[in-house]
Asker: 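There's a structure below that I have some questions on.
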Amino acid sequence: MGKIQVLDTKLANMIAAGEVVERPSSVLKELVENSIDAHSKNVSVYVYDAGRKKIVIEDDGDGMDRDDALTSLKRHATSKISSSFDLFRIKTLGFRGEALPSIASVSKMKITTSTGVGVGTELIVINEEATVNDAPLRKGTVVEVEELFYNTPARLKFLKTDYTENANNIEVMSRIAMAHPEVSIKFYIDDKKQFATTGRGDLLEVIANIYGYQSAKSMVPFSFEAVDFKVTGFLGKPDIAKASRYYTITLLNGRNVYMPKVQKAITDAYSDFIPPSKYPFVVLNFEVDFALVDVNVHPAKREVRFSKEEELRLALLEHIPGALRPKTIFDEIEIKKDRIVKEEIEHVSLFDENELNNASQGNVVVKFKELEVKENIVPEDLFEDEEIANVKKEDLHDEKITEISEEVKKETRKVSPIKPLAQLNKTYIIGEDYDNSQGGFYLIDQHAAMERINYEYFSRLYAGKITTMQPLFPEVIHLRPSDVKLFTEDIREMLKAIGLEFEPFGLNTYKVVTIPTWIRKDDEKEYIDELLEMALHEDKLDTFKLQKHAIATMACKASLKANMNCTMEEAKVMLDRLFNCENPHNCPHGRPIIIKFSKYELEKLFKRTGV
């Protein structure tokens with residue numbers, strides 16, 4: 001007799017349940033999605049003992065007649081697809097017909113359902129044996145799941161504490177509610193309401209119900225549309241960034257999914273606004289042609305494949321920063337018309353000449369002139385531009401210098417409404433409103449401010465200029481054999497785009513042919529190693545991120561440092577330049593630049609509230 005045999009239905013269902021039903025939150029997801037597919041407008045969910053004891057899902061959807069109710073307990077029985085063509089244009093949340101039989105195989109289940117016509121049906125399912133009874137005609141379905149994993153003790157033992165399992169339950173229900181704001185969802189744990197949505201289709205209202213009013217206040221509406229997709233939702237402001245990436249919520253055609261490229265693009269798009277240790281709080285829904293999406297790649301449908309994911313990634317990198325920029329701390333201050341001047345200064349880099357020459361920092365800078373500065377007015381001739389190289393001319397000898405330059409347009413600029421008062425600890429500028437109408441004061445990080453100014457300036461230059469030179473002393477890079485395989489032509493082209501060019505120089509060795517002219521001689525090796533390591537080993541690296549890192553490094557080295565003197569005249573010009581930046585809130589690494597202390601906060605500290 002042969003050894004290979006066909007498994008009986010019960011055992012096959014229990015095996016399938018291992019993929020579909022991992023924990024109580026899996027039951028919630030599958031059953032609530034079934035309710036939504038059944039066109040329910042109201043869904044109530046009850047969880048007891050973290051789902052171990054009992055789970056109840058009650059909806060007002062289409063319901064089932066008796067034949068459909070019995071058929072739904074069979075594996076791969078579904079009303080949602082009928083051909084291979086349907087499989088590649090899935091418009092419903094469920095489609096495999098696995099959820100009910102899988103759940104029934106590891107629990108004691110009762111289904112009460114009716115289409116509102118004829119006699120309602122009650123099915124009591126134990127050990128996959130169904131007892132059929134008549135039931136009331138209430139249209140919709142109620143599914144009760146008791147003693148989950150009672151017959152699979154290893155799976156029951158695998159469950160975490162009630163606290164952890166309930167956290168998972170809340171997370172799953174929250175994401176379903178945000179994916180479907182048009183459905184009223186009420187969620188209870190041990191008869192205590194966790195949240196309730198109205199079903200009015202207002203996503204911001206759902207966010208407020210789940211995460212609180214203060215979080216909802218800090219969300220920025222976001223939308224854009226392309227040929228193949230439409231994106232709508234909300235972006236959290238930088239001040240509510242989280243320590244966990246689980247607040248980056250991506251919904252695809254009403255389904256909560258994980259899209260690695262897209263979620264990384266969202267994080268990268270926030271890099272100007274939050275530090276690397278933080279993650280953005282966003283809720284975005286992507287509406288995509290169903291034919292471009294494959295949701296049949298994961299047992300629990302958590303991950304999907306989307307054929308236009310790269311185009312979507314690039315679009316997010318372009319659109320998200322613009323949506324976060326419009327409102328700045330300066331907008332809270334009334335700006336008088338006489339504080340808008342015609343500015344003809346192209347760039348500011350706060351150095352005295354000796355410091356600049358000694359450090360060899362920056363290749364486009366501005367020297368201060370000893371001119372009288374009148375209050376409220378920035379003289380147009382306070383600065384003069386001067387091109388300098390990052391090494392002395394006599395040291396260049398016959399080095400090859402390549403410059404392709406593009407003139408920066410001069411434009412009308414506004415003057416900052418913040419008046420600098422003093423420098424604190426040689427690191428921070430203390431300022432206040434010029435007319436003091438707002439009260440309170442500001443602290444400005446001088447290095448972070450100059451980083452932002454220089455970063456945006458160099459970013460504009462980078463669009464039309466690449467300045468490179470041959471190293472004075474050849475730099476040779478030795479790679480591990482495994483890294484040589486990673487050092488592809490595409491990687492070398494990305495590095496060349498930021499001024500680093502390599503050519504083979506023996507076994508596992510490359511010679512650096514060109515470097516950016518702004519690199520300090522003593523920083524060459526460190527800079528090359530850092531960019532090379534980033535290019536070889538960082539996942540999903542692209543030219544955008546590499547260039548951003550290079551420009552941020554350039555801006556950092558060309559900026560006024562902490563523990564350096566800054567006069568109030570210099571601080572005034574710095575604030576004016578900062579005021580005209582696209583993002584005056586954060587340095588290129590996401591750190592805050594300006595912190596405001598309101599009049600109310602000061603009076604509260606001094607117990608003057610209400611006086």
Side-chain angles (χ1 to χ4, degrees), residues 204 207-208 211-221 234-243 270 272-275 277-278 280-281 323-340 375-376 378 413-453 560 562 566 568 570-587 589-611:
L204 190 60
I207 293 171
Y211 295 106
Y213 175 69
Q214 289 303 319
S215 292
K217 274 182 63 178
S218 294
M219 303 299 280
V220 177
F234 291 89
L235 307 174
K237 293 179 182 178
D239 59 345
I240 61 168
K242 306 296 183 181
Y270 266 81
D272 264 9
F273 304 91
I274 59 177
S277 60
K278 296 287 188 179
F281 178 15
L324 293 171
R325 282 181 189 136
K327 185 87 173 164
T328 73
I329 199 166
F330 294 107
D331 297 325
E332 300 172 5
I333 307 169
E334 183 181 355
I335 304 168
K336 297 179 180 179
K337 289 183 179 179
D338 61 2
R339 294 199 51 73
I340 301 177
E375 186 175 333
N376 298 343
V378 176
R413 295 180 180 270
K414 293 177 287 187
V415 177
S416 167
I418 295 178
K419 176 183 179 181
L421 301 176
Q423 186 187 33
L424 177 66
N425 297 334
K426 292 188 177 181
T427 299
Y428 304 101
I429 304 300
I430 302 173
E432 67 174 0
D433 310 326
Y434 270 98
D435 58 6
N436 204 25
S437 60
Q438 305 290 318
F441 69 95
Y442 304 87
L443 278 182
I444 300 98
D445 184 324
Q446 63 190 37
H447 176 66
M450 281 308 304
E451 271 193 298
R452 168 52 57 183
I453 294 165
L560 179 72
C566 178
M568 291 305 96
E570 294 168 345
K572 185 180 188 310
V573 175
M574 177 177 67
L575 288 174
D576 289 342
R577 302 299 295 171
L578 180 65
F579 180 46
N580 287 277
C581 286
E582 290 184 359
N583 175 21
H585 271 163
N586 306 88
C587 79
H589 307 99
R591 292 192 302 108
I593 295 173
I594 303 176
I595 296 177
K596 180 180 180 180
F597 295 85
S598 69
K599 183 179 180 182
Y600 172 79
E601 289 171 317
L602 292 177
E603 291 182 339
K604 188 175 179 181
L605 286 172
F606 286 98
K607 311 298 182 187
R608 294 173 59 88
T609 312
V611 176

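For the single chain, residues carry numbers from 1 onward in sequence order.
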Asker: Are the side chain of T427 and the backbone of N425 linked by a donor-acceptor contact shorter than 3.5 Å?
Answerer: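 It does hold such a pair.
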
Asker: To the nearest 0.5 Å, how far apart are CD1 in I430 and CG in L443?
Answerer: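 The distance works out to 6.0 Å.
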
Asker: Report the distance from atom CD1 of I594 to atom CD1 of I429, rounding to the nearest 0.5 Å.
Answerer: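 Nearest 0.5 Å value for the CD1-CD1 distance: 11.5 Å.
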
Asker: Go through the structure and list residues passing ring pair (Phe, Tyr, Trp, His ring centres under 6.0 Å) with F441, not counting sequence neighbours.
Answerer: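 For F441, the residues satisfying ring pair (Phe, Tyr, Trp, His ring centres under 6.0 Å) (neighbours in sequence not counted) are F597.
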
Asker: For N586, give me all partners under side-chain contact (heavy atoms from CB on, under 4.5 Å), at least two apart in sequence or on another chain.
Answerer: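 So N586 forms a side-chain contact (heavy atoms from CB on, under 4.5 Å) with F273, N583.
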
Asker: Indicate the atoms forming the closest heavy-atom contact of I444 with A449, along with that distance.
Answerer: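 Taking I444 first and A449 second, the nearest heavy atoms are CG2-CB, 4.0 Å.
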
Asker: Report yes if the side chains of V415 and K572 come closer than 4.5 Å at any heavy-atom pair, otherwise no.
Answerer: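 V415 vs K572: side chains touch.
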
Asker: Less than 4.5 Å apart, any side-chain heavy atom of I418 and any of F579?
Answerer: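 No, their side chains stay 4.5 Å or more apart.
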
Asker: Rounded to the nearest 0.5 Å, what separation is found between the OH atom of Y428 and the CD atom of Q423?
Answerer: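 Y428 OH to Q423 CD: 11.5 Å, rounded to 0.5 Å.
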
Asker: For A241, what residues pass the side-chain contact (heavy atoms from CB on, under 4.5 Å) criterion, not counting sequence neighbours?
Answerer: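 Listed in chain order: I274, K278.
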
Asker: Would you compute the distance between atom OG of S598 and atom NZ of K604 and round it to the nearest 0.5 angstrom?
Answerer: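 Answer for the OG-NZ pair, S598 versus K604, is 9.5 Å.
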
Asker: Ignoring hydrogens, what is the shortest heavy-atom contact between L235 and A323? Give both atom names and the distance.
Answerer: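 Between these two residues, the closest heavy atoms are CD1-CB, 3.8 Å.
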
Asker: Side chains of H585 and D272: does their closest heavy-atom pair fall under 4.5 Å?
Answerer: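 No, side chains not in contact.
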
Asker: Is P592 close to D445 at the side-chain level, that is, under 4.5 Å between some pair of heavy atoms?
Answerer: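 No; the side chains remain at least 4.5 Å from each other.
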
Asker: Could you give the distance from CE (M574) to CE (M568), rounded to the nearest 0.5 Å?
Answerer: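 Output value for this atom pair is 8.0 Å.
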
Asker: Please give me the minimum heavy-atom distance between G236 and M219, naming the atom from each residue.
Answerer: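 Answer, listing the atom of G236 first, then M219: CA-SD, 3.6 Å.
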
Asker: What pair of heavy atoms forms the shortest contact from P584 to I593, and how long is it?
Answerer: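 The pair with the smallest heavy-atom distance is O-CD1, 3.5 Å.
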
Asker: Quick check for you: to the nearest 0.5 Å, what is the distance between Y213 atom OH and I207 atom CD1?
Answerer: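 Result: 14.0 Å between the selected atoms.
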
Asker: Are D239 and S218 packed together at the side-chain level, in the sense that at least one heavy-atom pair is separated by less than 4.5 angstrom?
Answerer: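 A side-chain contact exists here, since the closest heavy-atom pair is under 4.5 Å.
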
Asker: Of all residues at least two apart in sequence or in a different chain, which pass the ring pair (Phe, Tyr, Trp, His ring centres under 6.0 Å) check with F281?
Answerer: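 Ring pair (Phe, Tyr, Trp, His ring centres under 6.0 Å) check on F281 returns Y211, Y247.
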
Asker: Give me the one residue out of Q446, K426, M450, H447 that meets side-chain contact (heavy atoms from CB on, under 4.5 Å) with C566.
Answerer: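 Looking at Q446, K426, M450, H447, the match for C566 under the side-chain contact (heavy atoms from CB on, under 4.5 Å) is Q446.
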
